[in-house]
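See structure below.
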Amino acid sequence: MNKIVEKEFFSENVAKLVIEAPEIAKSRKPGHFVIIRIDERGERIPLTIAGSDIEKGTITLVIQKVGVTSAKLLALNEGDAIRDVVGPLGKATHIENIGTVLCAGGGVGVAPLLPIVEGFKKAGNRVITVLAARTKDLIILEDQMREFSDEVILMTDDGSSGRKGLVTAGMEEVIKREKVDMCMTIGPAIMMKFAALTTKKYNIPTEASLNTIMVDGTGMCGACRVSVGGKTKFVCVDGPEFDAHEVNFEEMMSRLGGYKELEAKAYEKYLKNAE
Amino acid sequence: MENIKEYLKAERNQEWRAELRKSMKAKERTGRERNDMLERDPNVRNKNIDEVNLGLTEELALADARRCIDCANPTCITGCPVGINIPKFIKKIETGDYLGAAVVLKETNALPAVCGRVCPQEKQCENNCFYTISLKKPAVAIGNLERFAADYERNSGQMAIPEVAAPNGIKVGVIGSGPAGLSAAGDLCKLGYDVTVFEALHEIGGVLKYGIPEFRLPNEIVDVEIEVMRKMGIKFKTNFLVGRTATIDELKEQGYEAFFVGSGAGLPRFMNIPGENYNGILSSNEYLTRVNLMNAANPDFDTPVLKGKNVAVIGGGNTAMDSVRTAKRLGAERSVIVYRRSLVEMPARVEEVKHAQEEGIEFMNLHNPVEYFADENGRVNKMRIQKMELGEPDASGRRRPIVIPNSEFDIEVDTVVVSVGVSPNPLIPASLPNLKMTDWGTIVVDQDTMQSSIPELFAGGDIVRGGATVILAMGDGRKAAAGMHKYIQEKINK
Ligand SMILES: Cc1cc2nc3c(=O)[nH]c(=O)nc-3n(C[C@H](O)[C@H](O)[C@H](O)COP(=O)(O)OP(=O)(O)OC[C@H]3O[C@@H](n4cnc5c(N)ncnc54)[C@H](O)[C@@H]3O)c2cc1C
Ligand code: FES
């Protein structure tokens, strides 16, 4: 049982949960994720770790409501507990001092990007961060990002904050302006796909952190498999970060939809019961 | 070896055994027919998850026990990987002392109720039974009798909690809670060690829980055994992935003196053929985990599972049989085994193949998939298969499947379960660069002690053998516990 010690809504559908998990807090590094199961009947879902406090023995997760499990998570309150949390899983981000790092985050992908931005900054890099969201209210962790970035560029679809446009516009602006040594992107698959296409044009090495469907998270089932450079990889043990120029995003997006109908039905049922 | 023979002889010469032998002529015993377990109706059971086998009644068990002639040279024992004193437990049953029979089983087998259900007896003890070898008749129903005695004990509510030596205060860690880990933990605890079992998943039991379905091995049976182990004082830590949650070095700092690694062969293999990543194509591990561990077929649980109408399962092992029969139970109209060799070469337990046939599973033997096709949503809808024939025997002794040229054709499928084997779980090895491994990714150990190239690390089960069996995993666990005990005692007494 892992107790929720803090809960904060970033927007209507996005909240931060700080939960007790002392061993994971100690072992986790940027890029790692956990698998959680809310209760006896819950499913196992992966969530990237957005931060930790070793002294308090807690880890931070940021959750966006997209289906039954995320809705249930957001309905939990401080003092409630999550039944199972296992981690840290996956390979940690490879962080070194390479010069200028461009970090591009979209949606809740910004949360797991934060420790990576922090890591690259602390390793001595110049870090430029592009944050993208549909609209102003959905931009999260802006202040924290500013703390560890040399520059933060905001992009919104409707222009309600920062500049109007997609994440790629912000990225291209930076790339045209100065030499970028590497790019890191986390967000919805479609966003990462276009981020990768953008950096490919300029031959900038790019890593994307993939958020596939998972069950065990230990390499046991293959639910999380993706094609990278034509080879099948398991995201939970070989990733979650891969060379974005080699990832088959089309296949990944299709696989993310593999249970769409069942998920939609379950969500409908959940909402009905919640009424 | 001589010692064991002497011991078995002395046991056989005990008065009660000698009298029992005299009570009935050998001819009369061998003249009897073998009884098999009662089974649920195939057309009812293929729609639910109730256990297929109903076990032997007391009457049938007694009748089967009487068939055993209590041979002077009990060859059956040589076929048992853990050397159960088979004639002794069977003769205990014949005298009506069922609890006594269970005690005999537990001397060398920590989970008889499990093994009685899942061991390939026809390749082991029963294959070496006097009836099989000399009389060419059906063997004594050793597996069924094992199950009978173990079930009797469990249902009697008089499950013996094994005696545990006085605690010696020495901490040891067991990594993985499958049959290998559980049997190592049980023995180490009996020797007085302070045992903690670390398990990555949220449930204890390894493949026994996430892999083997309820209709073959009800979870309750495994849970009862785990409860006994808790009562013995073994601690279980679920959601703990050794190598990640904490490394072995960190655990050593916490005072663990030695470790047993029973992390299994959890990595599913795929065939790497075109289209294999389409939706609706999944590993048997994923399929079975969703249904068995996550309860996905039950609408009250959150995990989804694809309930295909046209399901093909690739492979011929136990895992394939479990998957194809699960698909039937989830409502498949057609559920088909696609296997590249013939029925004879199938590695699955004979009984599972028979049960599958009875339940309406189709078998496309000597067929192999070469490519998958999908609809506009990326869901598999067709599979291209080629025909095979058998050539010369290969390294495994089975006849090698050879492709018949230009024999390809397509069949419609909406779900495909790939069950072509597993590789060792690489997590522990990857976290220990000094650990000696084989080219196949299994851990190299000393055959007698199960000690690895890292002195305080012992290993057994599928992580050492590749995909093997429950009983071999348990045998390894026991051997390793003895090896660890010797290692720790020598270290202390230095
Ligand atoms: C579907 C299926 C059906 C089968 N049917 C039969 C049968 O009928 N008869 C038979 O004899 N055999 C059968 N087998 C094979 C048998 O189940 C295995 O040989 C046996 O379970 C191996 O035992 P094990 O203890 O080595 O590993 P496992 O049972 O695989 O257990 C390993 C455990 O270790 C955990 N683990 C792995 N890494 C770590 C880590 N780093 N930290 C913590 N925990 C970790 C895993 O989560 C897992 O729970 C079947 C297998 C499958 C998959
Ligand atoms: S989630 Fe099961 S193998 Fe990656």
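Small disclaimer: the values here were computed from a predicted structure and weren't measured. Naming convention: chains lettered A, B, ... in sequence-line order (proteins, then strands); numbering from 1 in each chain. Values reported hereafter were calculated over all heavy atoms of this structure, with side chains retained and with hydrogens, waters and symmetry mates removed.
Taking non-hydrogen atoms and a 4.5 Å limit, the residue list of residues 172-179 of chain B in contact with chain A is empty. Contact annotation for residues 229-243 of chain A against chain B (heavy-atom separation below 4.5 Å, listed by residue number): Thr232(A), Phe234(A). Listed by sequence position, Ser27(A), Arg37(A), Glu40(A), Arg41(A), Gly42(A) are the residues of residues 24-42 of chain A in contact with chain B, using a 4.5 angstrom heavy-atom cutoff. Proximity to chain B among residues 244-256 of chain A is limited to Glu251(A), Ser254(A), Arg255(A), judged by heavy-atom separations below 4.5 angstrom.
Around atom CD of Glu12(A), no more than 12 heavy atoms belonging to other residues, nucleotides or ligands sit under 6.0 Å away. Other residues, nucleotides and ligands contribute at most 12 non-hydrogen atoms within 6.0 Å of the CD atom of Glu412(B). Annotation: Glu6(A), atom CD; neighbour count of heavy atoms from other residues, nucleotides and ligands within 6.0 Å is above 12. Open room surrounds CD on Glu220(B); 12 or fewer heavy atoms of other groups in view lie less than 6.0 Å from it.
Only the backbone of Tyr278(B) comes within less than 4.5 Å of a heavy atom in chain A; its side chain stays farther off. For Lys237(B), the part lying near chain A is the side chain, with the backbone staying farther off; criterion is any non-hydrogen pair under 4.5 Å. With a 4.5 angstrom heavy-atom cutoff, Ala223(A) touches chain B via backbone and side-chain atoms both. Proximity to chain A is absent for every atom of Val422(B), based on heavy atoms less than 4.5 angstrom apart. Using a 4.5 Å cut-off between heavy atoms, Asn425(B) contacts chain A through its side chain alone, with no backbone atom that close. If you measure heavy-atom distances from Arg244(B) to chain A, the contacts under 4.5 Å come from both the backbone and the side chain. At a 4.5 Å heavy-atom cutoff, the contact between Leu427(B) and chain A is made by side-chain atoms alone. Asn298(B) does not touch chain A: none of its heavy atoms, backbone or side chain, sits under 4.5 Å away.
For the atom pair CG (Asp302(B)) and OH (Tyr267(A)), the distance works out to 12.5 Å, reported to the nearest 0.5 Å. Rounding to the nearest 0.5 Å places OG1 of Thr289(B) at 4.0 Å from CE of Met220(A). Atom CD of residue Glu23(A) and atom CG of residue Leu241(B) lie 12.0 Å apart, to the nearest 0.5 angstrom. Between Asn285(B) atom CG and Asp216(A) atom CG the span is 8.0 Å, to the nearest 0.5 Å. A distance of 13.5 Å separates CG of Asn295(B) from CD of Glu43(A), quoted to the nearest 0.5 Å. Note that CG of Leu282(B) is 11.0 Å distant from CD1 of Ile213(A), once rounded to the nearest 0.5 Å.
For chain A, the option among Leu293(B), Val418(B), Val305(B) with the highest count of heavy-atom pairs below 4.5 Å is Val305(B).
Remark: Arg44(A) is not positioned above the aromatic ring of Phe301(B), lacking an NZ or CZ atom under 6.0 angstrom from the ring centre and at most 45 degrees off the axis.
For Asp84(A) (side chain) and His202(B) (main-chain N/O), no donor-acceptor pair under 3.5 Å exists by modelled atom type.
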Practice problem: Take Asn277(B) and Ser227(A), measure what side-chain hydrogen bond (donor to acceptor under 3.5 Å, both in side chains) needs, and give me the verdict at the end. | Solution: CA-CA 8 Å; Asn277(B) 288 346; Ser227(A) 297; 3.2 Å; yes
Practice problem: Kindly indicate, with the supporting measurements, whether the criterion side-chain contact (heavy atoms from CB on, under 4.5 Å) is fulfilled by Arg225(A) and Ile281(B). | Solution: CA-CA 11 Å; Arg225(A) 65 197 195 276; Ile281(B) 305 179; 4.1 Å; yes
